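Just so we're clear, the structure is a prediction, and the values are computed from it rather than from any experiment. In what follows, residues are counted from 1 in the order of the sequence shown. Excluded from the calculations below are hydrogen atoms, water molecules and symmetry mates; all remaining heavy atoms, backbone and side chain alike, are included.
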Amino acid sequence: MHALELEIIGAGKSFGGFRALDAVSMKIRAGTIHALLGENGAGKSTLVKGLVGYSPLDQGSIQVDRREVEIRGPRVPNQLGIGMVYQHFTLAPSLSVAENLLLSRGDLPWRIRWPAERAALREFMAAMPFRLALERPVSALSAGEKQKLEILKQLYLRRRLLILDEPTSVLTPQEADEVLGLMHALTRRQELTVLMITHKFHEVTAYADDVTVLRKGQCVGSARVADTSPAELAHWMMGRAREEQAVAARAPVPANAPPGLEVSALTVNNDRGVAAVRALSLQVRRGEIVGLAGISGNGQKELVEAMLGQRHALSGRIEVDGAAYGATRAEMRRLRVFALPEEPLRNACIPTLSVAENMALRSFDAAPFKRGGWRIDRGAMRRRAQALIAAFNVRPPLPERPIGTLSGGNVQRAVLARELGDADEGAANVLIVANPVFGLDFASVADIHARLLQARARGAAVLLVSEDLDELLELSDRILVMTEGRIVHAVDDVATQGADRAALGRHMAGHHAAAPQPEAA
C-alpha cells in the first residue's frame with residue numbers, strides 16, 4: 001500500500017442558483033498532510049463530498065496519480081483507496097472492535113468464519129502503528145480510542161488517501177497529538193496521504209505540510225505551511241487579518257469582587273438515574289470569566305441544565321448575588337441570569353415558532369410586548385427581532401420564518417441575540433454559556449468572544465463551559481477541570497500567567513490522583 005497523489009482542477013458545484021464551488025484547483029502531494037481551511041459555507045464539505053462520490057462535482061477534473069478519473073459515486077473512490085473519517089463517530093457501540101472492522105467491509109458472507117477472520121484481524125492489527133483489543137466493545141472505548149478505530153477502519157480497507165473532518169474536535173490535547181502524530185508517521189512512511197479539514201491553526205503549523213484556504217467557494221490561497229503564518233492564513237480566510245483578543249491587557253478581577261454565581265455541593269442525575277454531577281462546588285465572581293473544561297459526557301450538560309431549570313438537582317444549593325436561586329423563569333428575570341445553552345434548537349427554542357417569537361420568549365409577557373392585559377404587541381415583537389437580527393447577522397433576515405428552518409449556526413446566532421441583546425439593555429448579573437461557538441464560522445467566533453468579554457467588563461459573572469481548550473485559554477480568568485462529575489483541577493490567573501495545556505489535558509482525561517475537590521473561589 002502506497003500513498004497516492006491527488007489533483008483537483010477547476011472544480012465547480014452549484015445548488016440551483018447558488019454557486020458552492022467555483023473553479024477550485026489544488027494539489028495534494030503523495031505522502032503529505034494537506035490542511036483545508038475555510039469558514040462555514042466556504043465550500044470545504046462540498047469539495048470533499050465530491051471526492052468521495054457522495055455529491056459529484058458539476059465541473060472540473062480529478063487526477064489520481066496523474067491519471068484522470070471520473071467520480072460519480074462511492075465505487076470509484078473505494079477502488080482508488082480514498083476514504084473519509086467523519087467528525088462524528090460512525091461506529092456500532094454495541095459491537096466489538098473486531099465486529100466494527102468487519103462491518104466496514106460491506107461484503108460479508110452470510111456466515112462469518114470467525115477463526116479465520118480473527119487471525120486475519122490480529123495480523124492486521126500487529127502491523128498497525130496503534131492497536132486496540134479486538135474483543136473490546138466500542139461502548140467501553142474512550143473518545144480517543146474511538147477516533148483511532150475510525151482510522152483503523154479506513155486502514156483496514158487499505159485506503160491510500162484519508163480525508164479527516166475535524167479529527168480532534170472530541171479529543172483531549174494528548175489524544176489529539178497522538179492521533180495526528182500517527183497520521184504524520186504514516187505519511188512519512190509514504191503509506192498514506194491525508195487531507196485534513198480543521199479550524200485549529202496550531203494543528204496546521206504542527207502537523208501539516210501544505211495548506212489550502214477556501215473562501216466563498218473559491219480557492220484564495222495555497223502554500224507550503226513553512227512559507228506562511230497563522231496571520232496570513234486568517235487573512236486568506238476572512239479577507240482581512242485576524243484581530244487577536246488582547247487578553248493579557250484585560251483588567252484583573254478585583255480581589256474583593258463579590259461572588260455572582262455560587263454552586264455548593266450540587267448533585268444531579270443523568271437520564272439513566274446515575275449521578276452525573278457529584279457534590280460539585282464552584283464560584284464565579286462578578287467581572288470574571290471562569291472556564292469549565294472537560295471532555296463531553298463528564299456531567300457538564302447536566303450541570304448546565306440544572307442551573308437553567310431544565311433538570312432537577314438532588315441536593316445542593318445555587319446562589320446568585322447571595323440570593324437563593326431555583327432557576328425559575330421569574331428568578332432568571334429578577335436576578336438577571338442569561339444563558340447560551342448547548343444545542344440551542346433543542347434547549348433554548350421552540351422550533352415551530354418564528355424567529356421573532358423565539359427572540360421574545362424571555363419577555364413576551366412584559367412591556368413593550370405585553371399591552372392591556374394579555375394582549376401581545378406583535379409589531380413591537382417584530383421590530384425588536386429586526387434590530388437583533390441585524391445586530392447579530394442572523395440569516396436569512398426574516399423575523400417571521402420558523403426558527404427550526406434555520407441552519408445550526410444561525411439558530412445559535414438568534415439565541416445569542418435574544419440573550420446578549422437583552423443583557424445589553426441592563427447589565428447581566430450571571431451569564432452561563434455552553435460551547436457558544438460550536439458550528440460557527442471564524443468571524444462569528446471572534447464576534448461572540450468579544451461579546452463575552454464585554455459582558456465580563458460590565459461586571460457579569462460568566463461561566464464558560466467548553467470542550468475547546470483554545471477557547472478557554474483565550475477567554476478565561478480561571479479554569480476548572482470537570483471529570484466524572486467533579487472539579488478535579490483548578491488554574492488561577494490564566495489571563496496573566498497562562499496554563500499548562502499538558503496538565504489540563506491529563507486532568508481532562510482523568511489522569512489525576514484522588515484528592516479532595518479544590519477550592520473554587
Side-chain angles (χ1 to χ4, degrees), residues 140 142-143 172 253 257-286 288-328 331-332 335 337 339-343 347 429-435 461-467 469 472 476-492 494 499 503-521:
S142 69
T172 67
V253 181
L261 173 67
E262 194 159 11
V263 178
S264 303
L266 194 71
T267 297
V268 185
N269 278 353
N270 60 20
D271 293 337
R272 301 189 305 275
V274 177
V277 180
R278 305 179 184 187
L280 180 143
S281 297
L282 61 81
Q283 186 185 92
V284 187
R285 293 172 292 174
R286 297 292 293 269
E288 178 183 45
I289 297 178
V290 171
L292 189 62
I295 301 171
S296 178
N298 277 274
Q300 305 97 310
K301 172 176 174 287
E302 289 81 3
L303 173 64
V304 170
E305 289 177 350
M307 289 191 288
L308 300 184
Q310 297 176 337
R311 186 177 291 268
H312 175 69
L314 295 181
S315 60
R317 179 179 176 86
I318 305 174
E319 294 182 353
V320 172
D321 281 346
Y325 168 74
T328 66
E331 286 174 323
M332 293 184 79
L335 297 173
V337 177
L340 311 175
E342 193 173 12
E343 297 184 71
N347 293 319
N429 292 340
V430 171
L431 183 58
I432 300 166
V433 183
N435 294 311
V462 182
L463 179 63
L464 172 60
V465 182
S466 177
E467 296 164 30
L469 197 51
L472 293 173
S476 302
D477 297 290
R478 291 188 295 126
I479 292 179
L480 308 177
V481 179
M482 185 173 179
T483 302
E484 296 180 351
R486 298 183 175 92
I487 303 297
V488 298
H489 185 61
V491 181
D492 295 329
V494 175
L504 288 170
R506 284 195 300 273
H507 287 285
M508 289 166 65
H511 301 154
H512 51 270
Q517 185 164 289
E519 289 294 328

Student: Would you compute the distance between atom NE2 of His489 and atom CD1 of Ile479 and round it to the nearest 0.5 angstrom?
Tutor: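 It is 9.0 Å, given to the nearest 0.5 Å.
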Student: Can you list everything that forms a side chain to side chain contact (heavy atoms under 4.5 Å, CB included) with Asn347? Sequence neighbours excluded, please.
Tutor: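 Counting only residues at least two positions away or on another chain, Asn347 forms a side chain to side chain contact (heavy atoms under 4.5 Å, CB included) with Glu305, Gln310, Pro341, Glu343.
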Student: Where do Arg311 and Asp271 come nearest, in terms of heavy atoms and distance?
Tutor: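 Heavy atoms of Arg311 and Asp271 come nearest at NH2-OD1, 2.8 Å.
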Student: Just how far is it from atom CD of Glu288 to atom CG of Leu463, taken to the nearest 0.5 Å?
Tutor: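 With rounding to 0.5 Å, CD (Glu288) is 10.0 Å from CG (Leu463).
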Student: Write down the atom of Ala324, the atom of Leu335, and the distance for their closest heavy-atom approach.
Tutor: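 Closest pair (atom of Ala324, atom of Leu335, distance): O-CD1, 4.3 Å.
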Student: In Å, rounded to the nearest 0.5 Å, how long is the span from CZ of Arg478 to CD1 of Ile289?
Tutor: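 Interatomic distance, Arg478 CZ to Ile289 CD1, rounded to 0.5 Å: 12.0 Å.
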Student: Has Tyr325 got a side-chain atom pairing as donor or acceptor with Glu262's backbone, closer than 3.5 angstrom?
Tutor: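 Pair absent, no side-chain N/O of Tyr325 close to backbone of Glu262.
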Student: For residues Val284 and Val430, determine if any side-chain heavy atom of one lies less than 4.5 Å from a side-chain heavy atom of the other.
Tutor: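 Result no, sub-4.5 Å side-chain heavy-atom pair not found.
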Student: Using the side chain to side chain contact (heavy atoms under 4.5 Å, CB included) criterion, which residues pair with Gln300? Sequence neighbours excluded.
Tutor: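 By the side chain to side chain contact (heavy atoms under 4.5 Å, CB included) rule, Gln300 matches Asn298, Val465, Met482.
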Student: Let me confirm one number: the CG-OG distance from Leu292 to Ser466, rounded to the nearest 0.5 Å.
Tutor: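 So the gap between those two atoms works out to 9.5 Å.
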Student: Please list, chain by chain and in numerical order, all residues satisfying side chain to side chain contact (heavy atoms under 4.5 Å, CB included) with Glu342, sequence neighbours excluded.
Tutor: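 With neighbours one apart ignored, the set is Ala434, Asn435, Glu467.
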Student: Minimum heavy-atom separation for Ala306 and Ala327, please, with both atom names.
Tutor: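 Shortest heavy-atom contact: O-CB, 3.9 Å.
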Student: Please give me the minimum heavy-atom distance between Ser281 and Ala265, naming the atom from each residue.
Tutor: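 Distance-wise, the nearest heavy atoms are OG-N, 2.8 Å.
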Student: Within this structure, what is the CG-CG distance for the pair Leu472 and Leu504, rounded to the nearest 0.5 Å?
Tutor: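 Going from the CG atom of Leu472 to the CG atom of Leu504 covers 8.5 Å.
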Student: Is any side-chain heavy atom of Ile318 closer than 4.5 Å to a side-chain heavy atom of Leu261?
Tutor: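 Yes, at least one pair of side-chain atoms sits under 4.5 Å.
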Student: Do side-chain atoms of Thr267 reach the backbone of Ala279 as a donor and acceptor pair under 3.5 angstrom?
Tutor: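 Pair found, side chain donor or acceptor close to backbone of Ala279.
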Student: Got a sec, which residues hit salt bridge (charged side-chain N to carboxylate O under 4.0 Å, His left out) with Glu302, two or more places apart in sequence or on another chain?
Tutor: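 Expected list: none.
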Student: Do Val268 and Lys301 have side-chain heavy atoms sitting under 4.5 Å apart?
Tutor: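 No - every pair of side-chain heavy atoms lies 4.5 Å or more apart.
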Student: Which residues pass the side chain to side chain donor-acceptor pair (under 3.5 Å) test with Glu484, not counting sequence neighbours?
Tutor: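 Glu484 satisfies side chain to side chain donor-acceptor pair (under 3.5 Å) with no other residue.
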Student: Write down the atom of Leu266, the atom of Val277, and the distance for their closest heavy-atom approach.
Tutor: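 The answer is O-CG1, 3.4 Å.
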Student: Kindly write out the residues that satisfy side chain to side chain contact (heavy atoms under 4.5 Å, CB included) with Asn269, not counting sequence neighbours, or none if the list is empty.
Tutor: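 Side chain to side chain contact (heavy atoms under 4.5 Å, CB included) list for Asn269, sorted by chain: Ala275, Leu314.
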Student: Find the distance between CG (Leu280) and CG (Leu480) and round it off to the nearest 0.5 Å.
Tutor: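 So the CG of Leu280 and the CG of Leu480 are separated by 8.5 Å.
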Student: One pair to check against side-chain contact (heavy atoms from CB on, under 4.5 Å): Arg285 and Asp477. What are the steps and the verdict?
Tutor: CA-CA 10 Å; Arg285 293 172 292 174; Asp477 297 290; over 6 Å; no
